[in-house]
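From a predicted model like this one, the values you see are computed outputs, not experimental measurements.
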Amino acid sequence: MKFLLLGAAIHFMDIKKVDLNLLVALDALLAEPNVTRAARRLGLSQPALSAQLARLRDLFGDPLFLPAQRGLTPTARAMELQAPVRQALDQVQGVLARGRGFDPATADVTVALACSDYVQVAIITPLVLDLRVSAPKLKLAIRQLDGSLLGQQMVSGVVDLAVMTPATAPAALRTRRLFHERYVTIARRQHPTVKGRLTLDDFVALEHVMVSPRGGGFDGPVDTALGKLGRKRSIAVSTASFLFVPDLVARSDLIATVPERLVRGRAERLQVLEPPLAVDGFTIGLVWHERTEQHPAHRWIRQRLRTLCAG
């Protein structure tokens, strides 16, 4: 099979040396620049992968990877090959999937998805439960979202899909809006002060737990809204994670203002209230690279997410 590898094409006379397994090995080494980890990823022995690397070096006339203190360092040629090789493999997978016809009930594929902990609770948990029924062999590799690395991760195939605020995604990526999220205020059911509603005076008098993306910050959308009114709240706890906030609030007299979908289905332990002031919400959407645009499995899971979020 001939692959057009963009600016790093293989010379015609060497095409007979190309085998798809070599490109799969190169892709794995670029994603995991460590022979042991890459071999484990491929289900190969370390000597078998080392032999494939030797063939790759001969094919491209370049060392491709140099020894480093912890694994390998890709050469400039290897980095040039990363995006085209990933795209070529995605195209092959897409052709094979289209040839078989995509059936989610039997599809045995892996999708690498990046998101925040809030998205894991609010969106990915319902998705996983849905997939256990609709696509039981489809596997999700869930990664922590890192906006600074996302563009390169998408190009290399480390991440296939992200669920995030689309406005913060790299401009080269594709985006699709899922929904607009709003904030609600939560307090424990038997809170001594909060009885089904909150005045602004009560809101600023009570102690709050807040989420700061980098951890330890004491200013966010709520504080911006309060500042416009000349008010300030008392923050007792600032955390980088949403995950333990509902439980902390349910077991204390702290209150918190959080995205609404984070606390759906938790009414037995929490009061979920309208904040006593207007707090700007945010948009959540899908973000992906053009290499997966037409891939049947990726198209299907993007549509599945849109359907679940609409519901």
Side-chain angles (χ1 to χ4, degrees), residues 1-100 102 107-114 137-141 143 149-161 172 288-298:
M1 182 177 292
K2 298 181 183 180
F3 296 93
L4 180 61
L5 296 179
L6 302 180
I10 303 173
H11 191 277
F12 179 77
M13 66 178 294
D14 290 326
I15 285 291
K16 62 182 181 295
K17 297 182 180 180
V18 180
D19 118 16
L20 187 59
N21 289 326
L22 291 182
L23 297 185
V24 172
L26 178 56
D27 179 63
L29 284 164
L30 285 164
E32 296 268 13
N34 178 290
V35 172
T36 301
R37 290 200 300 268
R40 188 181 303 123
R41 177 177 178 145
L42 294 170
L44 297 175
S45 67
Q46 187 172 330
L49 183 57
S50 296
Q52 290 188 337
L53 177 55
R55 291 178 62 193
L56 283 163
R57 285 167 168 161
D58 178 62
L59 178 65
F60 289 103
D62 187 89
L64 296 176
F65 297 92
L66 302 174
Q69 186 173 2
R70 296 182 179 179
L72 301 169
T73 298
T75 65
R77 172 61 71 85
M79 295 306 296
E80 288 172 1
L81 289 166
Q82 186 170 33
V85 166
R86 181 69 259 169
Q87 187 173 11
L89 292 175
D90 285 332
Q91 288 171 349
V92 170
Q93 289 178 334
V95 168
L96 293 174
R98 285 192 291 273
R100 292 191 302 266
F102 180 70
D108 187 1
V109 296
T110 300
V111 176
L113 190 152
K137 292 187 177 181
L138 191 151
K139 296 181 282 293
L140 284 182
R143 303 181 184 277
L149 298 177
L150 184 63
Q152 183 57 36
Q153 288 175 330
M154 287 273 187
V155 169
S156 66
V158 172
V159 171
D160 299 312
L161 180 66
W288 68 96
H289 190 273
E290 63 180 352
R291 68 180 177 80
T292 62
E293 177 73 18
Q294 300 302 323
H295 192 289
H298 292 272

Minimum-distance pair of heavy atoms, taken over all atoms of Arg77 and Phe60: NH1-O, 3.3 Å
To the closest 0.5 Å, what do you measure between CD (Gln52) and CG (Leu42)? 7.5 Å
Nearest heavy-atom contact between Ala38 and Ala28 is CB-O, 4.0 Å
Could you work out, with side chain to side chain contact (heavy atoms under 4.5 Å, CB included) as the rule, every residue matching Ala39, not counting sequence neighbours? Leu49
For Ala141, which residues count as a side chain to side chain contact (heavy atoms under 4.5 Å, CB included) partner, sequence neighbours excluded? Thr110, Ala112
Separation between CZ (Arg41) and CG (Leu29), nearest 0.5 Å, reads 9.5 Å
By side chain to side chain contact (heavy atoms under 4.5 Å, CB included), which residues pair with Val158, not counting sequence neighbours? Ala31, Arg143, Gln153, Ser156
Interatomic distance, CG@Leu53 vs CG@Leu22, rounded to 0.5 Å, equals 10.0 Å
Judged by atom type as modelled, is there a donor-acceptor pair below 3.5 Å linking the side chain of Ser45 to the main-chain atoms of Ala48? yes
Pairing residues for Gln152 by the side-chain hydrogen bond (donor to acceptor under 3.5 Å, both in side chains) criterion, not counting sequence neighbours: Gln82
Residues passing the side-chain hydrogen bond (donor to acceptor under 3.5 Å, both in side chains) test with Arg291, sequence neighbours excluded, are Asp90, Asp160
Step-by-step side-chain contact (heavy atoms from CB on, under 4.5 Å) determination, Leu150 to Met154: CA-CA 6 Å; Leu150 184 63; Met154 287 273 187; 3.9 Å; yes
Would you list the atom pairs, donor with acceptor, under 3.5 Å between side chains in residues 61-74 and any protein atom, with sequence neighbours excluded?
unit_1	atom_1	unit_2	atom_2	d
Asp62	OD2	Leu64	N	2.8
Asp62	OD2	Thr75	OG1	2.7

Non-neighbouring partners of Lys139 that pass salt bridge (Lys or Arg N to Asp or Glu O under 4.0 Å), sequence neighbours left out: Asp108
Test: side chain to side chain donor-acceptor pair (under 3.5 Å). Region: residues 28-37. Which pairs qualify, not counting sequence neighbours? Glu32-Arg37, Thr36-Gln46
